[in-house]
Amino acid sequence: MRLRFGYQLSITVLFMAVVLAVGLALVVLSFDRARSITRAAAVTFIGRVADHTEDRVDGQFKAVRSALEVLKQLPPVEAGSISDNPALYQILTALLREHGQLYNLYIGYDDGAFIELDALDRAGPATRAQFGAPAAAAFRLIVIDRKPGASSRIRTTYYLSPSLETISESQSEADYDPRDRPWYRGAFEPGAATVIEPYRFKAAALIGYTVRASFVQGRRGVVAGDILLTDADTFIRAQKLGKSGAVFLFDDAGRVIGHSRMSEFLKARSQDATTDLPRLDEIGIVDIARPLAAWRQGGDAQQVFEAKDGRTYVAAFRSIGTAGSANLRLAVMAPLDEFFSEVESARRWLLLLTSAFVLAAIPVIWWISSMLSRSMKALAAETDSVKRFEMPENPSRVHSAIREIDDLGRSVSTMRAVVRTFSSFVPKRLVQQLVETGAELRLGGSRREVTVLFTDIEGFTNITENADPEQVMLQTSRYLAVMTEVIVAHGGTVDKFVGDGIMAIWNAPTENADHVAHACAAVLACRDANQELNEAYMREGWPAYRTRFGLHTGEAVVGIIGSSDRMSYTALGATVNLAARLEPLNKEYGTTILVSEAVQQRVAEQFVFQAVDTIKPRGFEAAVQIFELRGMATHLSRPTLSVLDE
């Protein structure tokens, strides 16, 4: 005995199995998926922070470099007019005020002359005390130059107020030669770096890096400016990244150049110029040697790694391109669990919500299965009554909120009406056989408005006369496939292939309210596709296929035609005949796409047409004006073709 189950029980069990399977899968997969999403989001965020910080650091160097390029071209700088030149001092002051990252600006010349302007407050109170600067002084100006007729260079030191008024002045024999300093050496060599690696400044116990630019016009020399590591300290500290996140700058030698605690590190170390900068393994950060090595060997700039403290970190590395030979690198890192703690908390809620969803779905499943079961039972009863030829005078139709079941109820009702009608004209046994077998009752068609397209390849016979038959078939099939794809994409139906020609129709069998515009757009797209294919043919050494098109719209009879053993869906009538006759007229008028006046009038605002002639085709009583379809109207990107959006 064959085992059978009730519809309601089957639906209930099936739905519950699906919901439980999906729910359990979500519970199981949510952990791994949330972990992957968390990592991906962390990597993306860290990368953006790194990019932003890199841009800021690069911006510092670029801004200073731009200022130096302007400064070195000033006439007093090129001429070396550095003594008693208030206008030059004002320019230097203005540049310092505009570029807050600079501690000073200075110019050194090949003959040992030198001028420097320092912003005292930017170096800190210790440096001010070291210089013995007056309390009211805002700037220190140093000028080293040789007086006319003098045998040695004199150093003149000025302390200036914010308005550049002299507060104090002193002179001494020059004890500083700019040509011996790191920022001057090698500045004129080809490819000299514009940013040099950090070093200790001679005049003050400060460490920083110098941006420089050389010039050879006039009194040859170098203009430069210093950016203190303490300024980098302030900038890095401003980059917030959670509680334990870190942003720092380092070089290829492993020395830390910028860190949020850089000032502390520098104070705790000795004053030996070779040991002033701490190393990566000395500043108490997570060991990044492994991800850093992977990045240097060509790995991803964003890395996720497990640290020795058992936590998972995400890090991003960048190279500071404008730093040149200083080889500055940027690292941004943060612990994954700390920075995305909210995501971790949301993951736990996902587990609870998934479990609640599974439980809440059970009564819904029971209700749906009950509703479906009632409708299906009613439909089963209806079909059984039709099969038994039980035809009540006023039968009730099965309705349902489910569209497919409602459609099925309407179909069963229609079937009952058909069987009841035909059973009055033919033996009931024959009608019953038709119902049971589902055989087609008759051929036929209907009249509706359609748009018809005919195409043909110009000179196809000459092209293929001496060509390899196999290649003719392959290349022509390739051409027909391209054209068919375009026609179908624009809502058309390819009715048939006539040799190398194509017949296509729009608005049948599927209704299409904008079928004329769709057809015009399809023809233009076919023309473009044909041109692209011809370019490929020419590259392959195959003759180009130049297609002619004929397009007309009007009423036609569409439906199934043929015999009992061979049928075809097609369109018949004068509309089809006129479309077929438009295509060969292209040869006479030297055109590519000819359309009838009916087409032009329907889509005149959407496409560009050019009147060609007025003709009277054989078999037609009225004259027909024909037009050439040139393209789409310039004010429209394309016609509004709803079928393309479906």
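- D111 is linked by a salt bridge (charged side-chain N to carboxylate O under 4.0 Å, His left out) to R219, counting only residues two or more places apart in sequence or in another chain.
- Every salt bridge (charged side-chain N to carboxylate O under 4.0 Å, His left out) that R220 has, sequence neighbours left out, goes to D110.
- R179 meets the salt bridge (charged side-chain N to carboxylate O under 4.0 Å, His left out) test with D177; sequence neighbours excluded.
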Which atom pairs, one a donor and one an acceptor, fall under 3.5 Å between side chains of residues 40-51 and the rest of the protein, sequence neighbours left out?
{"unit_1": "T44", "atom_1": "OG1", "unit_2": "A40", "atom_2": "O", "d": "2.9"}
{"unit_1": "D51", "atom_1": "OD1", "unit_2": "R318", "atom_2": "NE", "d": "2.7"}
{"unit_1": "D51", "atom_1": "OD1", "unit_2": "R318", "atom_2": "NH2", "d": "3.0"}

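- Here the closest non-hydrogen pair linking I144 and G112 is CG2-O, 4.1 Å.
- Remark: Y479 engages Y545 in a ring-ring contact (aromatic ring centres under 6.0 Å, His included) (not counting sequence neighbours).
- Contact between Y537 and A544 at its shortest, heavy atoms only, is CD1-CA, 4.5 Å.
- With contacts defined as side-chain heavy-atom distances shorter than 4.5 Å, the pair L330/V247 qualifies.
- The stretch residues 62-71 participates, sequence neighbours left out, in these side-chain hydrogen bond (donor to acceptor under 3.5 Å, both in side chains) pairs: E69-K72.
- Under the ring-ring contact (aromatic ring centres under 6.0 Å, His included) criterion, F61 pairs with Y209, sequence neighbours left out.
- Under the side chain to side chain contact (heavy atoms under 4.5 Å, CB included) criterion, Q171 pairs with I154, T156, E169, not counting sequence neighbours.
- Under the side-chain contact (heavy atoms from CB on, under 4.5 Å) rule, F139 has a single partner from D121, N104, L164, which is L164.
- In plain terms, the two heavy atoms of A224 and W183 that are nearest each other are CB-CE3, 4.1 Å.
- Checked against side chain to side chain contact (heavy atoms under 4.5 Å, CB included), V482 has the following partners two or more places apart in sequence or in another chain: A529, L533.
- Among residues two or more places apart in sequence or in another chain, the salt bridge (charged side-chain N to carboxylate O under 4.0 Å, His left out) test is passed with D251 by R255.
- Under the side chain to side chain donor-acceptor pair (under 3.5 Å) criterion, E535 pairs with no residue at all, not counting sequence neighbours.
- For P134 against R128, the heavy-atom pair with the smallest separation is O-NH1, 3.0 Å.
- Taking the six-membered ring where the residue is Trp, Y176 and F114 present tilted rings, their angle falling between 30° and 60°.
- Heavy atoms only, all atoms of each residue included: L249 and I320 are closest at CD2-CG1, 4.3 Å.
- Q475 meets the side chain to side chain donor-acceptor pair (under 3.5 Å) test with R478; sequence neighbours excluded.
- Across all their heavy atoms, A522 and H490 have their closest contact at CB-CB, 3.5 Å.
- The number of heavy-atom neighbours closer than 6.0 Å to CD of E173, taken from other residues, nucleotides and ligands shown, is 12 or below.
- Side-chain atoms of Y109 and D145 include no donor-acceptor pair closer than 3.5 Å.
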